[in-house]
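Below you'll find the structure, written out as structure tokens, and then a few comments.
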Number of protein chains: 2
Amino acid sequence: MKTATSENKGLARKLADSGLRMTTQREHVYNTLLEQTDHPSADDVYLRAKADMPEISMATVYNTLDALVKCGLIKQVNVERSATRYCSNLKEHCHFFCEECGNIHDVNFKKDKGALPLRIPKHLIPTQVDISIRGHCSNPVNCPNRAEN
Amino acid sequence: MKTATSENKGLARKLADSGLRMTTQREHVYNTLLEQTDHPSADDVYLRAKADMPEISMATVYNTLDALVKCGLIKQVNVERSATRYCSNLKEHCHFFCEECGNIHDVNFKKDKGALPLRIPKHLIPTQVDISIRGHCSNPVNCPNRAEN
DNA sequence: CTAGGTGCAAAAGGTTTGCGGTTAA
DNA sequence: TTAACCGCAAACCTTTTGCACCTAG
């Protein structure tokens, strides 16, 4: 529970750079995250932060996590917020998710997945590798907004 | 609405191979999926299947989608069913998700992401590429079950 | 001073589950 | 015949939202 303000000058500045305020809750959640390298869920962070700051709320944790993502101090590991999508294309391919219209496009590999430049430790036995690309599709039809859902 | 049983012999056999039954609902959902290549969500599938089979339920659609995934006829695009996880490692890396214990391990790249063997069409403008690996971690400590969450 | 943040509690998706009735094999 | 499956509705889990109060700058 390092409350050393010197260490968190960076946090305050980063927040300010994104037009966000420094608060005691944000400082505390950020410190909690720095002490944990096990990719916690929002609920994990909430429980851990709550231990030292019992009155903190879930909404504040979500707010803070969003703020930290926004100013680049943390990243989300699985960024898909919406419903699971299904795919009947069984050929090896990956997916391009358009952040403007929400459509998903299939993208093919040039070679096989063996060519991926990954340094996988020997004690990790992979069974599946997924590549997902985010961006926008600048179609001539210009990325029509999805009906909804 | 192709109810041609000849085309769906494969479906019945694939289901049977996984110890699952062929039902009219599953055939209908599968045909619906084959007619749609836009990576529908479960709700999309439900609405479309409902058009020709008004009494079908959401639970059945989920059941069927699980069955089709189980026998390898479709795939899930974003497979993360649980909560979003957060990461404070800002170096370029990807994630290994252990399906046994639920832990996430960081995996480093050998080179930069430019080396990925992808054939991205020119009208798709990527802003972010994520690689996620699933498998199991055969640690000496032997993949301890997570507390929960 | 005031825009932005906080806590609480309720609502909103997406998915799962329990149950009585139905059906494929 | 019967284990598996169906439809329905309620429950569940994660995340978002509305609102009155509070606070950083």
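These values consider heavy atoms only, across backbone and side chains, with no hydrogens, waters or symmetry-generated copies. Throughout, a chain's letter reflects where its sequence line sits, starting with A, and its residues are numbered from 1.
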- Roughly, in whole Å, what's the span from CG in Leu65(B) to C1' in dC5(D)? 15 Å
- Message: Are Glu27(A) and Thr23(A) packed together at the side-chain level, in the sense that at least one heavy-atom pair is separated by less than 4.5 angstrom?
- Response: no
- Message: What's the closest nucleotide to the side chain of Ala42(A) if the choices are dG25(D), dT15(D), dG5(C)?
- Response: dT15(D)
- Query: Are Thr23(A) and dT23(D) close enough that a side-chain N or O sits under 4.0 Å from OP1 or OP2?
  - Reply: no
- Task: Starting from C1' on dC8(C), measure out to CE on Met53(A) and report it in whole angstrom.
- Result: 17 Å
- Separation of dT15(C) C1' from Gln76(B) CD (nearest whole Å): 11 Å
- Note on the structure: DNA chain C nearest-nucleotide lookup for Thr60(A) and Met58(B): closer to the 5′ end is Thr60(A)
- Which nucleotide sits closest to the side chain of Met22(B): dC8(D), dA25(C), dC8(C)? dA25(C)
- Can you find a side-chain donor-acceptor pair between His105(B) and His95(B) that sits under 3.5 Å? no
- Atom-to-atom span, CG of Asp44(B) to P of dT15(C) - whole angstrom: 11 Å
- Do Ile56(B) and Pro54(B) have side-chain heavy atoms sitting under 4.5 Å apart? no
- Distance, rounded to the nearest Å, where Leu15(B) contributes CG and dA4(D) contributes C1': 12 Å
- Think Tyr62(B) has a side-chain N or O under 4.0 angstrom from the OP1 or OP2 of dT15(C)? yes
- Query: Taking the side chain of Asn63(A) as its heavy atoms from C-beta onward, which of dC6(D), dG5(C), dA9(C) lies nearest to it?
  - Reply: dG5(C)
- Of all the nucleotides listed (dG7(C), dA25(C), dG5(C)), which has the minimum atom distance to the side chain of Arg21(A)? dG5(C)
- Determine yes or no for a side-chain-to-main-chain donor-acceptor pair under 3.5 angstrom, with His93(A) supplying the side chain and Lys91(A) the backbone. yes
- Query: Does a donor on one side chain and an acceptor on the other come within less than 3.5 Å for Gln36(B) and Arg48(B)?
  - Reply: yes
- Determine: side-chain N/O of Gln25(B) to OP1/OP2 of dG7(D), distance under 4.0 Å, yes or no. yes
- Can you tell me how far C1' of dT16(D) sits from OH of Tyr46(A), to the nearest Å? 16 Å
- Item | Atom-pair distance (CD on Glu27(A); C1' on dG5(C)), nearest Å | 15 Å
- Here the distance between atom P of dC5(D) and atom CD of Glu55(B), to the nearest Å, is 18 Å
